[in-house]
Amino acid sequence: MTVGVHPLAGFDKLLHYTVPESLRAQVQVGSLVRIPIVNRFHLGIVAEFSAPVGFPVDRCKPLAGLVYPFPALPPDLLRLARWMSAYYAAPLDGIIETMLPAAVRKAASLKQEKLLVVARQLTPEEMAELTRRAPAQAKAYAFLRAQPRPVLKSLALERLGVSAAAIKGLVTRGFLREDSRRVERVAYADDHAAGEHVAAQPHILNGEQQAAVDALAAALREPGFGVQLLFGVTGSGKTEVYLRAIQEALAAGGGVAFLVPEVALTPQTVARLRSRLEAIAPGHRAVVWHSMLSEGERLDGWLALATGEARVVVGARSAVFAPVQNLRLIVVDEEHEPAYNQHETPRYHGRDTAIYRAKLCGALCLLGSATPSLETWANAGAGKYGLLTLTQRIDDRKLPFIDVVDMRVEAMRQRGPATLSRKLLDAMHGRLAKKEQIILFINRRGYSSAMQCRKCGHVEECPHCSVSMTYHRTDETLRCHLCGHQRGAPARCPSCASPEIRWRGTGTQRVEEAVRRVLPKARIERIDTDTMQKKNRFREVLAAFRAGRIDILVGTQMIAKGLDFPNVTLVGLVDADLSMHVPDFRANERTFQLLVQVAGRAGRGDRAGEVVVQTFTPEAGAIQFSRHADYVGFAQTELKVRKDFGYPPARHLLHHLFRGPNPEKLRFFAEAWKKRVEEALGEKVTLMGPAAAPIEKIQDEYRWQLWYFCNAPVTKIVAEVARLRAAFEWPEDMIQVLDVDPVNLC
Ligand code: ADP
Ligand code: ZN
Ligand code: ZN
């Protein structure tokens with residue numbers, strides 16, 4: 001018997017081995033095995049059970065061992081890996097590597113730790129008796145009984161300072177039981193233990209929620225692939241619908257993956273989800289999965305899923321690769337979030353990958369959003385996806401009133417560029433007087449985006465990147481937000497030595513300063529990546545805000561998502577134009593999403609909320625449609641624009657980026673490559689470029705780009721391009737990156 005194995009050894013090739021007699025019963029497709037390559041051992045994944053015709057089987061070496069008695073990459077994940085490799089034109093070994101936790105790739109062994117379980121509740125009399133005869137045993141017993149869950153034996157011994165003999169005594173008496181189940185290093189265990197968050201109770205569904213749940217339950221009763229879009233305004237109770245669907249899937253004996261954007265994975269949401277999930281499925285625990293876990297935590301969760309001990313995973317985009325068995329439902333919350341896109345190789349989109357995995361498993365994929373991506377909306381419109389709608393906010397809470405302030409008028413009124421408009425300031429005064437809370441968003445950290453000389457117009461740029469340096473007033477530096485380069489802020493123009501410098505554009509620090517100036521008594525905190533360098537700081541600030549110890553929170557988009565503060569009644573978007581005027585065909589969509597998202601933060605409690613949006617282009621569609629929370633109108637208009645220009649979802653796009661130290665060389669080879677593609681693909685693709693990328697230089701590397709608009713099925717085009725690319729003679733110092741269905745364009 002021979003098997004084909006994908007080695008995890010940094011190259012993309014199938015190697016063949018024979019299976020020794022002793023392993024035959026256990027080796028399966030997807031097994032993680034040890035294989036000899038030259039004279040070293042590596043790990044690999046069994047991909048198939050045969051050898052090519054005429055293959056010299058007798059010269060194959062035997063497998064050296066099997067790591068786990070179950071497949072490390074179940075068949076659906078192996079097929080998903082192959083699909084991704086083809087769809088995203090990425091090497092298979094890199095994808096398989098992404099799917100397996102680092103600890104698994106190092107073949108970490110199953111860790112058996114002893115748990116102590118209370119086997120019998122003692123009566124007060126028995127307890128008194130035990131205390132008299134064996135005080136150490138009584139102490140240990142009392143401790144263990146008080147714990148909400150079984151405790152690690154090693155931990156109990158250490159914590160209690162009792163001897164192993166005392167524990168043994170309790171076991172012999174039948175008061176305790178030792179359990180050798182594996183133990184999960186519970187992520188965020190401290191939140192659980194501290195009981196900081198009460199377990200969220202299930203709600204009685206309203207009519208719209210019930211209709212959505214009924215439709216999902218019907219779809220889940222029979223296995224089979226399908227995609228449903230849950231389109232519900234902010235605050236309409238989508239989470240409750242997800243939870244009911246999850247309950248259905250578990251009741252049908254299936255497994256579940258629940259994906260949320262990484263930013264939404266706050267301990268608060270995780271704790272709440274976990275307790276609800278564990279409540280609806282007693283005996284099941286939800287595995288948490290995201291990039292910040294330690295290796296051990298990740299391995300424990302992975303093992304629990306791969307062995308079938310746990311059936312639910314909650315996590316960020318990479319949770320789409322969790323080895324959930326018998327997968328019946330994948331939920332993708334906030335499906336429009338760019339955070340689902342992985343920029344580094346292997347590039348993939350978490351939502352699209354989730355849909356494909358659901359297809360492979362015959363599962364239901366449930367996408368949810370208040371502002372669906374236009375790709376998803378178009379698919380729902382074409383009948384490819386089912387559409388479930390929640391039009392009402394819970395308890396008929398009003399969507400907040402959105403006030404748009406024209407900053408051109410404001411600049412005339414205040415005789416110069418203003419950071420905060422009169423309207424926003426008045427609203428802030430009013431809310432503070434009523435002891436209500438305020439959030440101000442400005443999606444740029446630092447003080448100002450550029451320093452410009454009033455005399456000669458010079459703008460200081462990063463010497464390594466073609467972007468202006470951001471001024472940080474807190475430490476008087478100019479910093480490049482792309483490469484991190486920094487220098488002291490000059491007092492005079494570096495070009496003409498004039499002392500007249502002006503700071504253009506607004507960042508979080510400038511907003512904070514402006515607020516402090518006009519509201520000196522308010523308690524203000526700023527949240528951006530600069531202030532959040534210290535671990536736990538983010539959580540501390542949010543907790544203080546929740547507890548009412550902060551009046552005004554100034555921050556970047558970091559705080560725009562998923563947070564629920566009932567006492568926030570005013571939200572200000574200081575500069576809506578920041579997301580609108582960027583070279584990205586999705587700029588309008590992003591702006592609309594941001595506005596709706598931000599507005600959703602106001603008035604979550606029982607008081608009506610108010611939103612003030614400052615902009616220099618108040619007439620823009622994204623702003624006007626968001627004032628009336630009119631997603632459907634916005635989508636209709638924007639889809640027409642996309643169609644007219646042939647942008648997604650009208651056609652698939654490919655983005656090809658060329659990087660290197662020499663711009664002339666980049667241009668030369670990019671043009672030669674373009675000719676090559678044109679000859680081979682003809683009408684099937686429309687090419688645009690090559691041209692310098694919007695940011696032409698980053699860290700001393702130049703960047704050129706080429707766009708492909710696909711007039712034929714994207715899979716065909718990617719396959720052709722991948723073939724041509726492998727045959728093309730690229731110069732050594734030129735890196736080229738192909739992005740299929742690109743998300744971030746700058
Ligand atoms: P969305 O995700 O659609 O913005 P959420 O799921 O966060 O909305 O729900 C908004 C709020 O309404 C939450 O506090 C949630 O607990 C609550 N909620 C959801 N469904 C109900 C219901 N049927 N009855 C009462 N409250 C509900
Ligand atoms: Zn730089
Ligand atoms: Zn100057």
Side-chain angles (χ1 to χ4, degrees), residues 197-213 230-245 258 260-261 264 266 268-269 272-273 275-276 331-337 366-372 388-397 399 451-470 477-487 490-502 560-566 596-606 629 695-701 703:
H197 311 287
V198 239
Q201 293 301 311
H203 294 291
I204 297 165
L205 301 180
N206 65 26
E208 287 185 330
Q209 284 175 317
Q210 189 64 54
V213 169
L230 179 63
F231 167 49
V233 297
T234 50
S236 59
K238 292 186 284 296
T239 311
E240 197 58 39
V241 175
Y242 302 147
L243 287 166
R244 299 299 173 104
F258 189 155
V260 296
T266 57
Q268 186 203 353
T269 42
R272 199 186 308 145
L273 277 177
S275 56
R276 273 303 304 279
V331 178
V332 184
D333 187 22
E334 308 286 358
E335 66 86 29
H336 63 276
E337 273 295 321
L366 173 57
L367 311 177
S369 176
T371 51
L388 307 167
T389 312
L390 305 178
T391 57
Q392 302 297 319
R393 281 189 134 187
I394 293 297
D395 298 335
D396 289 324
R397 266 171 221 155
L399 281 166
M451 63 159 285
Q452 186 171 39
C453 172
R454 282 183 196 276
K455 211 154 165 208
C456 75
H458 172 86
V459 172
E460 188 70 355
E461 286 200 349
C462 172
H464 310 289
C465 310
S466 53
V467 295
S468 58
M469 304 272 281
T470 303
T477 53
L478 290 181
R479 295 191 207 170
C480 171
H481 283 185
L482 284 176
C483 74
H485 174 80
Q486 68 178 66
R487 51 164 293 184
R492 290 171 171 274
C493 169
S495 172
C496 75
S498 155
E500 285 182 56
I501 284 172
R502 80 188 172 121
K561 283 153 199 163
L563 299 172
D564 197 349
F565 300 106
V596 172
Q597 193 79 250
V598 161
R601 295 306 116 214
R604 303 279 291 190
D606 40 21
I695 301 171
E696 197 178 344
K697 185 173 80 167
I698 296 180
Q699 278 191 295
D700 295 318
E701 223 180 25
R703 307 159 85 243

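Along the sequence shown, residues are numbered consecutively beginning with 1. Keep in mind that this is a model prediction, so the values were computed, not measured. These values consider heavy atoms only, across backbone and side chains, with no hydrogens, waters or symmetry-generated copies. Numbering of ligands and ligand atoms starts at 1, following listing order.
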Side-chain donor/acceptor of K238 to backbone N/O of G232, under 3.5 Å
yes

Output yes when the distance from some N or O of ligand 1 to some N or O of G237 is under 3.5 Å, and no in every other case.
yes

Just which atoms of ligand 1 are under 4.0 Å from any heavy atom in V233?
3 (O)

Does G237 offer a backbone N or O that forms a donor-acceptor pair with the side chain of Q209 under 3.5 Å?
yes

With a 4.0 Å heavy-atom cut-off (strictly under), which part of T239 contacts ligand 1: side chain, backbone, both or neither?
both

Just by modelled atom types, is the Q392 backbone N or O under 3.5 Å from a matching donor or acceptor in the E208 side chain?
yes

Is the Zn ion (ligand 2) under 2.8 Å from any N, O or S atom of H464?
no

Applying a strict 4.0 Å limit to heavy atoms, is G232 in contact with ligand 1?
no

Considering residues at least two apart in sequence or located in another chain, which fulfil the side-chain contact (heavy atoms from CB on, under 4.5 Å) criterion with I698?
C465, L482, I695, R703

With sequence neighbours excluded, residues passing side-chain contact (heavy atoms from CB on, under 4.5 Å) with E461
none

I'd like to check whether K238 has a polar contact with ligand 1, where a contact means an N/O of the residue lying under 3.5 Å from an N/O of the ligand.
yes

Under 4.0 Å from one or more heavy atoms of I204, ligand 1 contributes atoms 22 (C), 23 (N), 24 (N)

Short question: side chain of S498, backbone of E500 - any donor-acceptor pair under 3.5 Å?
yes

Would L390 count as a contact of ligand 1 if the rule is a heavy atom under 4.0 Å away?
no

Measure the spacing between SG of C462 and CZ of R479 and express it to the nearest 0.5 Å.
13.5 Å

How would you list, by chain and number, every residue that makes a salt bridge (Lys or Arg N to Asp or Glu O under 4.0 Å) with R487, sequence neighbours excluded?
E460

Protein N, O or S atoms under 2.8 Å from the Zn ion (ligand 3):
4

Which angle, to 10 degrees, forms at the Zn ion (ligand 2) with SG of C480 on one side and SG of C465 on the other?
110°

Contact atoms of ligand 1, heavy-atom distance to T234 under 4.0 Å:
4 (O)

Below 3.5 angstrom, do we get any N/O pair linking I394 and ligand 1?
no

Can you find an N/O atom of H203 closer than 3.5 Å to an N/O atom of ligand 1?
yes

